[in-house]
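Along the sequence shown, the residues carry numbers beginning at 1.
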Amino acid sequence: MKKKGIRLIAMTVALALLAGGYFIWRAVSVKGDGSGSDTAPGDDTYTVGTVDTKTLTAVSVSRRTEPKEEGGETGTVSFEFRLKEDETGWLWSENEKVPLSNEKFAEMATAVSSVTSPYKLDGVSAADLGKYGLDEPEISLAFTDGAGTHRFYIGSLNSYTGTNYFCTDDKSVVYTVDPSVAESFRFDIYDVIDTDDAPAVNASALTSLEYTANGKKLLFTYYSGGKESDYTSKYNWYFSVDGGAESHLAAEIGEALTKALTSLDLGKCVAYDSSRDSEFGLDKTSRLVLKYNKTSTVTDSTTNIDKTVTTPEEFVLNVGKNEDGVIYVRADGSSLTARLSSQDAFAAVMTENVRSLRPTELLLPDYGRIDGITFSAGGKTLAVKVVHADDGGISYESADGKTLDEDKLTKLLDALAAAKTSAFASDLERDPAAGSDAVFTAEFTFNTGDAKTGTLTVSNYSGSYCIVSFMNDNDRLMTIDEAKTLTEALEACLG
């Protein structure tokens, strides 16, 4: 993450922990005269190598890799790093423009700062190095300081002790180290890269998300407490196409989008330049633009009093998909490509099928905004008054003097909230034989929003579907069974 000052401090602290500016690889010799022919525990501490971290200017790591497929050949990955002239960070010799994390270099230094071992083996011949995996070490390290270059080699794992063999340029003496040391150097360049930071945004700070692709613009606008002009406060997200009117974004998609934007992560870097843009779909001009409000505290220079300031911000991502539909992004001004977090949530809004953004829920009743409902089915009606208490509580009573069974009414309201649509009228022609009679209606009286009344109508459409009409929405279909659940719940209320 790009917190350069903090990372440099982190590395400085890690290096400062090494007394006298040195890190020491230590090993404990065999007891007695120290000339044992086999590794055995002991008490004496041996200095294996020292590196002056105050004058450390270069680090080299070479690691053997396993075959990618059965019967394949082993490979080698090597990295050369050098300290910047201003000593604020590190550069990779292969591409000095790639930003590197100081934290990783602090980790590498810490890994070898105080390594102890209860084992030491003297008098190892060159012919015997293969027993310890040191004839062709898995890991070869070089640290260059003011005194020169110091080399260390990590070999195979001793399955009995659970430790790795290692040595210096003096390969006649073999020691062992904890396997965590080797693990610190089993990295690729993407583990060292200082990845881009996404803004840390909470839901209340969200403003909008704009997706532009193939000449079309989808704008998703966020309303923290719901839209005041709407019949309900239950929708936070609305979308529009190419500057058109706003429509409800499906509640499930909206909830996932909020979570995705408030936990946005670009930490999974997959490329550090544009050479593979076509592979990631980044050779096109698609973009995601997140707009949000940033809150910060500033001190008034005149009164010396802290005050909170809110400023509008935007975060721009160039975006693409590979052949498998995986989404990749590159932050504006960055050279790094990352696999986008929350793939499903972003895939849902990065769609060419705008219909898929529309709600599947029949409606989202907000009874705090409703004063009354009149239900009708089969020629019978049920009028319900919504009572609003001073403390915000909601209760219900009959509006026409009929007996109201609250348990049965609750089941009706639950059925209304759970009802789903599953198709559109354009998917299926109306069957004239089914007729067009309404099988269920609910007339609402609202106390908030632009519309003071609204009627939900569920009518026959075909042998399998009913068509739904509510407010300006009149082309969604729900199954006959879904409609039957509503009518049966109402009939139960009516007795």
Open item on the list: Could you go through Phe346 and Leu288, starting from their C-alpha distance and side-chain angles, then the distance that decides it, and tell me whether this counts as side chain to side chain contact (heavy atoms under 4.5 Å, CB included)?
Closed with: CA-CA 10 Å; Phe346 285 105; Leu288 285 170; 4.1 Å; yes

Task: Check: Ala205 main-chain N/O paired with Asn202 side-chain donor or acceptor under 3.5 Å - done: yes

Open item on the list: I'd like to know if the side chain of Thr421 reaches the main chain of Thr360, judged simply by a donor and an acceptor atom lying under 3.5 Å from each other, with no hydrogens or angles considered.
Closed with: yes

Task: Check: Ala347 main-chain N/O paired with Asp344 side-chain donor or acceptor under 3.5 Å - done: no

Task: Near-ring test Phe444/Tyr231, centroid separation under 6.0 angstrom - done: no

TODO: Return yes if some donor-acceptor pair links the side-chain N/O of Tyr190 with the main-chain N/O of Val270 below 3.5 Å, else return no.
DONE: yes

TODO: Consider only side-chain N and O atoms of Glu246 and Tyr235, and report whether a donor and an acceptor are under 3.5 Å apart.
DONE: no

Task: Side chains of Ser275 and Asp273, donor plus acceptor under 3.5 Å - done: yes

Open item on the list: Looking at every non-hydrogen atom in both residues, tell me the closest pair between Val349 and Tyr211 and how far apart they are.
Closed with: O-CD2, 3.9 Å

Open item on the list: If you apply the rule side chain to side chain donor-acceptor pair (under 3.5 Å), what do you find for Glu80 with Ser60, and how did you get there?
Closed with: CA-CA 5 Å; Glu80 302 284 342; Ser60 172; 3.0 Å; yes

- [ ] Please work out whether the ring planes of Phe220 and Trp237 are parallel, tilted or perpendicular, with thresholds of 30° and 60°.
- [x] perpendicular

- [ ] Examine distances only and state if a side-chain atom of His388 and a backbone atom of Ile370 form a donor-acceptor pair shorter than 3.5 Å.
- [x] yes

Open item on the list: For the CZ atom on Arg358, are there more than 12 heavy atoms of other groups (residues, nucleotides or ligands in this structure) within a distance under 6.0 Å?
Closed with: yes

TODO: Could you verify whether a donor N or O on one side chain and an acceptor N or O on the other, from Ser436 and Asn460, lie under 3.5 Å apart?
DONE: no

- [ ] Step by step, work out the ring-ring contact (aromatic ring centres under 6.0 Å, His included) result for Trp92 and Tyr272.
- [x] CA-CA 12 Å; Trp92 180 30; Tyr272 47 79; 5.3 Å; yes

- [ ] Look only at the side chain of Gln343 and the backbone of Ile327, and say whether a donor-acceptor pair between them is shorter than 3.5 Å.
- [x] yes

Open item on the list: Less than 6.0 angstrom separating the ring centers of Trp90 and Phe81, yes or no?
Closed with: no

- [ ] Over all heavy atoms of both residues, which pair between Ile480 and Gly463 is shortest? Give the atoms and the distance, please.
- [x] CG1-O, 3.7 Å

Open item on the list: Around atom NZ of Lys259, are there more than 12 heavy atoms from other residues, nucleotides or ligands closer than 6.0 Å?
Closed with: no

- [ ] Report, as yes or no, whether the 6.0 Å neighbourhood of atom NZ on Lys452 holds more than 12 heavy atoms from other residues, nucleotides or ligands.
- [x] yes

TODO: Scan Met478, Arg476, Arg430 and name whichever one has a side-chain contact (heavy atoms from CB on, under 4.5 Å) with Ile467.
DONE: Arg430

- [ ] Output yes when Arg82 and Glu96 qualify as a salt bridge under the 4.0 Å nitrogen-oxygen rule, no when they do not.
- [x] yes

Task: side chain to side chain contact (heavy atoms under 4.5 Å, CB included) between Asp306 and Asp300, worked out - done: CA-CA 6 Å; Asp306 289 344; Asp300 190 301; over 6 Å; no

Task: Heavy-atom pair with the smallest gap, counting every atom of Leu249 and Leu357 - done: CD1-O, 3.5 Å

- [ ] List the steps and the verdict of side chain to side chain donor-acceptor pair (under 3.5 Å) for Asp230 and Thr232.
- [x] CA-CA 5 Å; Asp230 204 354; Thr232 180; over 6 Å; no

Task: Heavy-atom pair with the smallest gap, counting every atom of Ala348 and Ile253 - done: CB-CG2, 4.1 Å

- [ ] Quick one: do Phe185 and Val59 satisfy side chain to side chain contact (heavy atoms under 4.5 Å, CB included)? Show the steps, please.
- [x] CA-CA 11 Å; Phe185 299 96; Val59 176; 5.7 Å; no

Open item on the list: Can you see whether Asn353 engages Thr351 through a side-chain donor-acceptor pair at a distance of less than 3.5 angstrom?
Closed with: no

- [ ] Verify, without hydrogens or angle tests, whether Asp391 (side chain) and Gly393 (backbone) share a donor-acceptor contact under 3.5 angstrom.
- [x] yes

- [ ] Considering non-hydrogen atoms only, spot the tightest contact between Ala483 and Val458 and give its length.
- [x] CB-CG1, 4.0 Å

Open item on the list: For the backbone of Tyr465 and the side chain of Ser462, can you confirm whether one donor and one acceptor N or O come within less than 3.5 Å of each other?
Closed with: yes

TODO: Check Val289 against Glu314 and note the closest heavy-atom contact, atom names and distance.
DONE: CG1-OE1, 4.0 Å

Task: Ser233 side chain to Asp366 side chain, donor-acceptor N/O pair below 3.5 angstrom - done: yes

Open item on the list: Tell me whether Asn236 contacts the main-chain N or O of Ser224 through its side chain, where contact means a donor paired with an acceptor under 3.5 Å.
Closed with: yes

- [ ] Using side chain to side chain donor-acceptor pair (under 3.5 Å) as the criterion, point out the one residue from Asp196, Asn318, Thr195 that pairs with Ser334.
- [x] Asp196

- [ ] May I have the step-by-step check of side chain to side chain contact (heavy atoms under 4.5 Å, CB included) for Asp473 and Val468, ending in yes or no?
- [x] CA-CA 8 Å; Asp473 184 352; Val468 176; over 6 Å; no

Open item on the list: Determine whether a donor-acceptor pair (N or O, by modelled atom type, separation under 3.5 Å) exists between the side chain of Thr65 and the backbone of Gly75.
Closed with: yes

